[in-house]
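Everything below concerns the one structure shown next.
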Amino acid sequence: QVELVESGGGSVQAGGSLRLSCARSGYRTNCMAWFRQTPGKAREKVANFYSNKGTTSYADSVKGRFTISQDNAENTVYLQMTGLEPQDTAMYYCAATATSGDYCLHLNSQANFPYWGQGTQVTVSS
């Protein structure tokens, strides 16, 4: 089993920054991702991290502004968010799965990830 616990959400003004953390315990997974969701909409992939190679992928809407990374112990995944915009307001979720090769970087659907955290709210005001 895998447990994921997010933290670091909050309220910021447009242009500000936040860093989200996702602490993982239990079974070791090599594919981590951040998703976000607003009321009435499907959960949207934000970024993926494949820990075997340290490779990443991002949604077009956050490229150049958000960075996903992992600590050396591979127990915590971060999402550094800069240049925040009101449309970034959402509940942010950490997700995990195990994959082979760079397939991890192409996983964009909620159904691809069996393990989820409880979410952390990010609110960006204009």
Taking all heavy atoms of Pro114 and all of Ala96, pick out the closest pair and write down the distance.
CD-O, 3.3 Å
Going hydrophobic residue to hydrophobic residue with side-chain gaps under 4.5 angstrom, can you get from Tyr93 over to Met32?
no
With rounding to the nearest 0.5 angstrom, report the OH to SG distance, Tyr78 to Cys94.
11.5 Å
Checking Arg28 now: which residues fulfil side chain to side chain donor-acceptor pair (under 3.5 Å) with it, not counting sequence neighbours?
Glu74
Tell me, do Phe35 and Val46 make a side-chain contact under 4.5 Å, heavy atoms counted?
no
Sequence neighbours excluded, every pair satisfying side-chain hydrogen bond (donor to acceptor under 3.5 Å, both in side chains) that has a member inside residues 80-89
Arg36-Asp88, Arg65-Asp88, Glu85-Gln87
Are Tyr58 and Ile68 side-chain neighbours, meaning at least one heavy-atom pair lies under 4.5 Å?
yes
Anything under 3.5 Å between a donor and an acceptor, one on a side chain of residues 102-109, the other on a protein residue two or more places apart or in another chain? List them.
{"residue": "Asn108", "atom": "OD1", "partner": "Lys45", "partner atom": "NZ", "Å": "2.6"}
{"residue": "Ser109", "atom": "OG", "partner": "Ala111", "partner atom": "N", "Å": "3.1"}

With rounding to the nearest 0.5 angstrom, report the OG1 to CE distance, Thr38 to Met91.
11.0 Å
Between Val77 and Trp34, is there a side-chain heavy-atom distance shorter than 4.5 Å?
yes
Any side-chain heavy-atom pair from Gln110 and Asn112 closer than 4.5 angstrom?
no
Check whether any side-chain heavy atom of Leu18 lies under 4.5 Å from a side-chain heavy atom of Leu84, and answer yes or no.
yes
Would you say the side chain of Cys31 lies within less than 4.5 Å of the side chain of Phe49, judging by non-hydrogen atoms?
no
Side-chain donor-acceptor pairs under 3.5 Å in residues 115-126, sequence neighbours left out?
{"residue": "Trp116", "atom": "NE1", "partner": "Phe113", "partner atom": "O", "Å": "2.7"}
{"residue": "Gln118", "atom": "NE2", "partner": "Glu6", "partner atom": "O", "Å": "3.3"}
{"residue": "Gln118", "atom": "NE2", "partner": "Glu6", "partner atom": "OE1", "Å": "3.4"}
{"residue": "Thr120", "atom": "OG1", "partner": "Gly9", "partner atom": "N", "Å": "3.1"}
{"residue": "Gln121", "atom": "NE2", "partner": "Ala90", "partner atom": "O", "Å": "3.3"}
{"residue": "Gln121", "atom": "NE2", "partner": "Thr123", "partner atom": "OG1", "Å": "3.4"}
{"residue": "Ser125", "atom": "OG", "partner": "Val12", "partner atom": "O", "Å": "3.4"}

Tell me the disulfide (SG to SG under 2.5 Å) pairs involving residues 35-72, sequence neighbours left out?
none
Closest heavy-atom contact between Gln37 and Lys41?
NE2-O, 3.0 Å
Going by the side-chain hydrogen bond (donor to acceptor under 3.5 Å, both in side chains) test, which pairs reach into residues 16-26, not counting sequence neighbours?
Arg24-Asn75
Side chain to side chain contact (heavy atoms under 4.5 Å, CB included), that's the test. Do Thr99 and Asn30 meet it? Break it down for me.
CA-CA 7 Å; Thr99 66; Asn30 63 357; 3.8 Å; yes
